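Residue numbers run from 1 in the order of the sequence given. Everything numeric here is computed off the predicted structure, so don't read it as measured data.
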Amino acid sequence: MTAVTGGLVCAHHHLYSELARGMPAPPRVATNFQEILEQVWWRLDVALDLEMLEWSAKLGALEALEAGTTAIIDHNETPNAIEGSLSVIARACDEVGVRVVAAYGVTDRHGPDGARRGLEENRRFLDEGGRGLVGVHAAFTCSDDTLEAAADLADEHAVGVHIHVAEGPGDADARRRLTGLTNERWLLSHCVHLPDHHDLEGTILHNPRSNLNNGVGYADPSRFSNRVALGTDGIGANMIESFRLAYVMNRSVDVTVGPDRAWSWLENGWELVPEARDDEVTWSYDPMDPWHIAFTAGIHPLEVKVAGETVFIDGAPTRVDADEIRAKAREQAARLHALL
């Protein structure tokens with residue numbers, strides 16, 4: 001028996017991080033979130049080039065299809081490969097058959113020129129008709145001028161800003177610094193340390209596995225009045241798995257809650273990428289309702305159609321060679337890891 005749903009949406013991904021798996025251990029054991037950033041992710045992102053990014057994005061898109069995810073909202077950070085990076089990601093996803101909304105995460109971490117180049121990459125991609133948002137890393141790595149410039153650029157193109165907000169305690173001041181800049185088009189990722197009552201508009205992107213992995217705490221997004229959607233923060237794109245984890249974490253603080261709330265967060269992805277609702281995923285399990293899915297392991301897609309085209313069937317993509325993508329990704333990962 002099977003059941004059909006729309007294509008799932010990963011509302012917060014970092015396709016550039018797919019090659020991180022198996023990377024060398026950091027120089028010393030990180031003891032807090034800031035040290036995780038400095039010793040893991042900020043070492044990795046500066047080592048990436050566009051060829052690595054291409055195969056990382058293809059691998060991420062392939063694994064998304066294999067999990068029934070047909071749309072990814074991506075947040076790229078490749079400070080030594082900024083120019084053209086969003087087009088590389090868009091082409092890679094299109095080749096596999098996955099929808100993507102791309103953004104470059106602007107930051108002052110590499111100086112004013114780095115911030116300028118990040119803004120210009122967002123501008124270039126949007127001016128050329130790319131499906132995108134304006135990306136910002138986080139308030140704590142940006143000046144007020146950069147935050148304002150990103151907000152202005154997004155308004156100019158009638159799109160939102162995709163930004164990490166209060167993920168760790170080091171960004172606890174994000175609320176104050178972003179108040180007055182946000183609107184309903186913004187995507188606010190994490191929000192673990194954001195107060196229950198705040199003045200920020202936009203959709204909150206909940207990333208339960210990443211928050212656990214980084215030890216930053218539980219966001220408990222049910223406490224917010226904002227719309228909530230689910231992401232992975234770069235740890236794959238299996239949204240059924242993210243839904244299950246979002247449910248049990250929510251239940252850990254409220255034993256009266258059922259899986260419907262977390263399922264509504266998953267469905268809110270369709271508000272962000274409406275076309276994905278019309279994609280078709282035929283699953284190995286019936287019925288695909290939250291009370292079944294929350295407690296049933298091993299559910300996987302049998303067929304995936306995007307815009308009417310079958311892009312995945314019988315365990316394999318139809319547009320690309322999965323074995324080739326994995327082999328090329330391994331080659332690029334070896335290049336990357338040698339630099340770390």
[X]: partners by ring pair (Phe, Tyr, Trp, His ring centres under 6.0 Å), with sequence neighbours left out:
X	answer
His13	none
Phe33	none
Trp41	none

Atom [atom1] in [X], atom [atom2] in [Y]: separation rounded to 0.5 Å?
X	Y	atom1	atom2	value
Ser210	Ile235	OG	CD1	5.0 Å
Glu120	Asp113	CD	CG	10.5 Å
Asp278	Thr70	CG	OG1	10.0 Å
Asn214	Asn32	CG	CG	10.5 Å
Asp196	Ser225	CG	OG	10.0 Å

Please answer whether the main-chain N or O of [Y] pairs with a side-chain N or O of [X] as donor and acceptor at a distance below 3.5 Å.
X	Y	answer
Asp279	Ala307	yes
Thr107	Thr141	yes
Asn226	Leu200	yes
Arg28	Gln39	no
Trp270	Gly7	yes
Arg175	Ala172	no
Ser143	Thr146	yes
Asn268	Val228	yes
Arg319	Asp94	yes
Ser56	Leu53	no

Lys/Arg N to Asp/Glu carboxylate O, [X] vs [Y], below 4.0 Å:
X	Y	answer
Lys328	Glu324	no
Glu148	Arg177	no
Arg117	Glu83	yes
Arg185	Asp155	yes
Asp323	Arg326	no
Arg244	Glu241	no

Using only heavy-atom distances, determine whether the side chains of [X] and [Y] contain a donor-acceptor pair under 3.5 Å.
X	Y	result
Asp108	His137	no
Thr203	Arg227	yes
Asp233	Ser189	no
Glu303	Thr310	yes

Measure the shortest side-chain to side-chain distance between [X] and [Y] over non-hydrogen atoms and say whether it is less than 4.5 angstrom.
X	Y	answer
Thr318	Ile313	yes
Met52	Thr78	no
Asp127	Arg124	no
Val134	Leu126	yes
Trp265	Ser222	yes
Leu48	Leu336	yes
Ser242	Leu266	no
Gln332	Glu54	no

Quick one: do [X] and [Y] end up in the same hydrophobic cluster if we chain Ile, Leu, Val, Met, Phe, Trp and Tyr together by side-chain heavy atoms under 4.5 Å apart?
X	Y	result
Leu50	Ile82	no
Val248	Trp291	yes
Leu65	Met288	yes
Val320	Leu15	yes
Leu133	Leu86	no

At their closest point, which heavy atom of [X] faces which heavy atom of [Y], and how far apart are they?
X	Y	result
Gly236	Thr232	O-OG1, 2.6 Å
Asn250	Tyr218	CA-OH, 3.0 Å
Asn76	Tyr16	OD1-CB, 3.5 Å
Asp260	Pro290	OD1-CG, 3.8 Å
Val136	Ala150	CG2-CB, 3.5 Å
Gly68	Pro301	N-CG, 3.6 Å

Given His190, His206, His198, the one that forms ring-ring contact (aromatic ring centres under 6.0 Å, His included) with Phe224: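 Among His190, His206, His198, the one meeting ring-ring contact (aromatic ring centres under 6.0 Å, His included) with Phe224 is His198.
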Where at least one partner belongs to residues 307-340, residue pairs that pass ring pair (Phe, Tyr, Trp, His ring centres under 6.0 Å), sequence neighbours excluded: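 The answer is none; no pair qualifies.
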Any pair counted as ring pair (Phe, Tyr, Trp, His ring centres under 6.0 Å), so long as it reaches residues 104-125, sequence neighbours left out: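 Matches after skipping sequence neighbours: none remain.
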Going by side-chain contact (heavy atoms from CB on, under 4.5 Å), name the residues that satisfy it together with [X], two or more places apart in sequence or in a different chain.
X	value
His300	Ser284, Leu302
Thr296	Tyr285, Ile299
Ala166	His193, Leu194
Val40	Met23, Pro26

For Glu275, salt bridge (Lys or Arg N to Asp or Glu O under 4.0 Å) partners two or more places apart: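 Partners of Glu275 under the salt bridge (Lys or Arg N to Asp or Glu O under 4.0 Å) test: Arg131.
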Check against ring-ring contact (aromatic ring centres under 6.0 Å, His included), His14 and His12: CA-CA 7 Å; His14 293 292; His12 181 66; 4.8 Å; yes
Pair listing, salt bridge (Lys or Arg N to Asp or Glu O under 4.0 Å) test, anchored in residues 329-340, at least two apart: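 Counting only pairs at least two positions apart or across chains, the salt bridge (Lys or Arg N to Asp or Glu O under 4.0 Å) contacts touching residues 329-340 are Asp49-Arg335, Glu51-Arg335.
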Co-members of Val257 in a cluster of I, L, V, M, F, W and Y side chains, linked at under 4.5 Å: none
